[in-house]
S.K.: 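Have a look at the structure that comes next, please.
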Amino acid sequence: MNVLHTPADSGPTAAVRLIGIGASGRHFVQRFHTHIDAPPHTPLADLLNQPPCVLEVEVGEAVDAAVAEMELADTRILCLAFGLDVTSVEIEAAMLLVWRLWAQEAYVIGVVVGAHQRPPPDCDSILGILCDSIDARIDISDPGDPVELAPLQWFYVGLQRSVLAGLSIMEAAWDHSDVVETLDFGQVRLELFTQPLDKPTQLDAAMVEILEELQHRGVWLEDALGAVLVVWAPSEYQLTVRMVRGLGRSLSEALGGGASHLTIRLRSRPTGEDQTGYLTLVVSMPRSRTRLR
């Protein structure tokens, strides 16, 4: 089985966190938790109830002390948002965060904001080392563009809800570790895209559109290391296990040999409101050192 069915309500969120650092990171996390391009009855509403988290290093404050104050003991995946405009002190703090997460056998997804607007850092610089150290990298050109922001929001909520309520994160039959294994974290970059749909009969067509869009971007699924599909649709769609598995089979056929895939099906309560559904595909690709997509 490679389908994870999550609860209808949000659960614990400490295992998957988003922290911003620097001016670009601060702006990103604030927008991430205050702007959703989906109706308020969707799982993305979880984000509106979570306060933005920013790592601030005050003037004269020891960097290690600022990092030590962050409550991350239960965190297993940290999304660390920063731009290439980070200061040397902020880079040091970011590296300390990465090392702290590694020490507790956790993983770091780097959300690099505005990377396309600046030349890549030298691989031997401390910023270059930070960019190479993160386990997975997502480049965001414009945080104000829903086409870029929404896929990461859906993926993030899917990660948070994959921690099943009432169970230790290491005890769930399917949890974040399956996502990590599927996407083969470690020197990878993640490509994401979300496709809305208006009715269940559009599921297959929406899947085709996602695959075509990624190909248009130059993302060849034959070279992918793995992929995660996040599915949410109103309960009125009456999605069956067969329908969800059918999407997984379509994805499996598009991937190259040896690449694994996982489907996260997000659930929610009946609403009787907007009937838009959403498919989000996250593809893991090999990453060259300090290379921008």
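This is a predicted model, so every value here is computed, not measured.
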S.K.: Using a strict threshold of under 4.0 Å (side-chain N to carboxylate O), is an ion pair present between D46 and R161?
M.R.: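 Yes.
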S.K.: Measuring only between side-chain heavy atoms, which start at C-beta, is I109 closer than 4.5 Å to R137?
M.R.: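 Not touching, per the 4.5 Å side-chain cut-off.
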S.K.: May I ask you to test the V231-T263 pair for a side-chain heavy-atom distance under 4.5 Å?
M.R.: yes
S.K.: Can you confirm if the aromatic rings of F32 and Y156 lie within a centre distance of less than 6.0 Å?
M.R.: yes
S.K.: Decide yes or no for S260 and E181: does some side-chain heavy atom of the first lie under 4.5 Å from some side-chain heavy atom of the second?
M.R.: no
S.K.: Between E56 and R26, does any NZ, NE, NH1 or NH2 come within less than 4.0 Å of an OD or OE carboxylate oxygen?
M.R.: yes
S.K.: Flag the pair V157 / L47 as yes when at least one side-chain heavy-atom distance between them is below 4.5 Å, and no otherwise.
M.R.: yes
S.K.: Do other residues, nucleotides or ligands put more than 12 heavy atoms under 6.0 Å from Y107 OH?
M.R.: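 Not more than 12 within 6.0 Å, no.
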S.K.: Using only heavy-atom distances, determine whether the side chains of D85 and S24 contain a donor-acceptor pair under 3.5 Å.
M.R.: yes
S.K.: Would you check if Q238 and P200 make a side-chain contact, meaning some heavy-atom pair closer than 4.5 Å?
M.R.: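 They are not in side-chain contact.
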S.K.: Hey, any chance W220 and V228 share a hydrophobic cluster, counting ILVMFWY side chains that come within less than 4.5 Å of each other, even indirectly?
M.R.: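 Looking at the clustering, V228 is in a separate group from W220.
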S.K.: Would you say the side chain of M285 lies within less than 4.5 Å of the side chain of L225, judging by non-hydrogen atoms?
M.R.: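 They are not in contact (no side-chain heavy atoms under 4.5 Å apart), so the answer is no.
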S.K.: I'd like to know if the side chain of E213 pairs up with that of Q195 as donor and acceptor (distance under 3.5 Å, no hydrogens or angles considered).
M.R.: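 No donor-acceptor contact under 3.5 Å links the two side chains.
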S.K.: Please check if atom CD in E105 has more than 12 non-hydrogen atoms from other residues, nucleotides or ligands closer than 6.0 Å.
M.R.: no
